[in-house]
Amino acid sequence: MAAGAASFGWPGHPSAAPAPDDPAPQMLPLRLTVNGRGHDLRLDSRTTLLDALREHIGLTGTKKGCDHGQCGACTVLVEGRRINSCLTLAAMHEGDAVTTVEGLAKGEALHPIQAAFIAHDGFQCGYCTPGQICSAVGMLAEARAGWPSHVTADIAGTAALSDAEIRERMSGNLCRCSAYPNIVAAIRDAAGSDL
Amino acid sequence: MKAFTYERPDSVAAAASLAAERPNARLIAGGTNLLDLMKLQIETPTTLIDVNRLPLDQVADTPEGGLRVGALVRNADLAAHPRVRKEYGVLAKALLAGASGQLRNKATTAGNLLQRTRCYYFYDTSKPCNKRAPGSGCAAIGGYNRIMAVLGASESCIATNPSDMNVALRALDATVETADAGGGARTIPIAAFHRLPGDTPEIETALRPGEIITAVSLPKPVPGIHLYRKVRDRASYAFATVSVAAIVAKGDGGRPSAARLAFGGLAHKPWRDETAERILVETGSADAAADRVLAGARGYGSNDFKIPLARRTLRAVMDEAAHA
């Protein structure tokens with residue numbers, strides 16, 4: 001498995017040169033619905049939802065951080081549920097309603113979570129912010145549905161959305177600027193508003 | 001990522017046929033582990049069978065008073081299910097201790113059962129690994145092996161099973177239900193589902209080629225206090241170094257009258273030793289039970305700490321049960 005002399009791959013990533021038995025890339029016709037708008041695409045079957053959004057539809061609000069589901073920068077909502085768009089294929093989401101950070105505001109009116117992030121200065125460089133905001137929207141829907149978390153004392157009951165709950169539920173979104181205190185404050189604030 | 005042919009069959013039978021007919025096919029459900037491995041070319045399927053639209057996403061009561069969990073039930077939905085929260089607390093807690101909200105929304109019951117190891121050397125294609133490239137050797141033995149196994153390992157492989165859910169399913173004595181292309185179906189007890197590495201660490205489960213998981217069945221609820229304690233390197237969103245799933249019933253004076261204990265992070269499969277459970281009930285001593293569980297434990301250098309940590313974690317769990 002070690003990369004050969006002619007390989008130029010990154011350590012751990014062997015050369016992309018195809019082996020003789022590799023199948024040819026498969027192009028798939030695909031209709032994706034993003035922020036209420038349909039997009040007819042023709043994509044390599046390997047295309048992740050993240051790359052489809054950014055590279056093919058041109059919605060670059062969703063960010064690529066680690067591309068391995070470890071940082072949460074690529075978080076989007078699919079049928080209202082937050083997921084890592086880097087760890088799913090576009091082809092798996094034909095017919096699903098995808099919402100990205102670009103689809104949260106109503107015209108010029110920011111989504112309450114967006115407004116709260118500005119009010120509380122919930123970011124520094126801003127790279128993780130679209131993922132944080134989409135994740136927070138999904139997380140608050142989960143909390144309103146009564147889902148417990150790892151820090152919920154009584155998982156059979158309901159938990160108030162304490163700071164500890166917000167931190168645990170948002171642990172899939174990393175912020176290298178460490179704006180966490182203000183992110184928690186923004187979400188705490190927005191949780192009380194009508195979403 | 002290597003190219004593959006994407007298929008979306010409309011029935012379990014069609015998926016099983018494709019899985020049997022196509023060489024080097026993989027099923028994709030949540031994809032949270034498989035796509036990660038495909039990007040690194042550790043998994044290189046030539047056919048990818050998308051099973052997400054198959055009708056395997058329901059949780060239903062069984063006539064025996066248990067629960068039948070469809071293969072495609074998402075980890076988040078299973079953890080939020082009212083009966084799981086109330087009657088199978090150890091499972092809800094294990095699920096909630098795993099991954100992140102985003103990943104739990106995608107990851108499925110069957111996919112979690114088949115989750116592959118997080119061994120650094122399995123992930124590093126420039127290093128030998130008997131699991132990834134059978135016969136190439138094991139770089140973890142003699143390497144940096146902090147997250148590796150201390151029980152049931154072999155000269156071929158010291159990888160661990162990274163799942164939290166699987167540990168709880170082992171404590172609950174769950175059963176894995178499967179279907180195959182020939183119309184056959186069978187049930188596999190969780191104890192026999194995951195394998196120890198032996199000389200063939202690339203074979204991780206009792207599934208036969210092409211066999212598809214359709215559901216996981218839970219027996220009727222086990223009475224007692226349900227606990228899942230996970231020790232990890234950060235407070236959230238990290239794999240276990242050691243975990244303990246416990247169901248403890250208390251008798252006179254608060255002493256355990258019945259106990260089930262399963263350990264995560266220690267071995268290639270969830271580790272359960274019924275003799276240790278008996279010792280715990282007879283003696284009331286977590287240390288006596290730990291002595292039995294860890295009798296054959298062996299560290300490989302950087303993971304030596306797991307042996308005393310497993311003992312301390314069991315003590316903490318029993319302390320929590322005593323005060324619950």
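What's counted below: heavy atoms across the whole structure, side chains too, no hydrogens, waters or symmetry copies. Lettering of chains follows the sequences in order, A, B, ..., and the numbering in each one begins at 1. Because the structure is predicted, anything quoted here is derived from the model rather than measured.
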Student: Can you see which heavy atom on A:Glu168 is nearest to which on B:Ala235, and at what distance?
Tutor: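 Distance-wise, the nearest heavy atoms are OE1-O, 4.5 Å.
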Student: Heavy atoms only: give me the nearest A:Pro148-B:Ala79 pair and the separation to one decimal.
Tutor: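 Scanning both residues, the minimum pair turns out to be CG-O, 4.0 Å.
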Student: Test side chain to side chain contact (heavy atoms under 4.5 Å, CB included) on A:Asn173 and B:Tyr237 and set out the steps.
Tutor: CA-CA 10 Å; A:Asn173 292 83; B:Tyr237 198 16; over 6 Å; no
Student: Nearest heavy-atom pair of A:Gly157 and B:Arg85: which atoms, and what distance?
Tutor: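 Scanning both residues, the minimum pair turns out to be O-NH2, 2.8 Å.
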Student: Is it the case that the side chains of B:Asp36 and A:Gln70 hold a donor-acceptor pair, with the cut-off being a distance below 3.5 Å and no angle test?
Tutor: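 Side chains of A:Gln70 and B:Asp36: no pair found under 3.5 Å.
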Student: Pick one of side chain, backbone, both or neither for B:Leu95, based on which atoms fall under 4.5 Å of a heavy atom in chain A.
Tutor: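 For B:Leu95, neither part sits under 4.5 Å from chain A.
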Student: Considering only heavy atoms and a distance below 4.5 Å, find which of A:Ser149, A:Gly69, A:Ala91 pairs most often with chain B.
Tutor: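 That would be A:Ala91.
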Student: What residue in A:Asp44, A:Asp67, A:Leu28 has the most heavy-atom pairs under 4.5 Å with chain B?
Tutor: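 Max contact count across the listed options: A:Asp67.
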Student: Side chain, backbone, both or neither: which part of B:Leu34 has an atom under 4.5 Å from a heavy atom of chain A?
Tutor: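 B:Leu34 has no heavy atom closer than 4.5 Å to chain A.
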Student: Answer yes if the side chains of B:Thr5 and A:Gln26 hold a donor-acceptor pair under 3.5 Å, and no otherwise.
Tutor: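 Their side chains do not contain a donor-acceptor pair, so the 3.5 Å distance test is not met.
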Student: Looking at every heavy atom in both B:Met1 and A:Arg46, which two are closest together, and how far apart are they?
Tutor: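 Closest approach of B:Met1 to A:Arg46: O-NH1, 2.8 Å.
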Student: Of all the residues in residues 77-84 of chain A, which have a heavy atom that comes within less than 4.5 Å of a heavy atom in chain B?
Tutor: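 If one takes a 4.5 Å heavy-atom cut-off, the residues of residues 77-84 of chain A near chain B are A:Arg81, A:Arg82, A:Ile83, A:Asn84.
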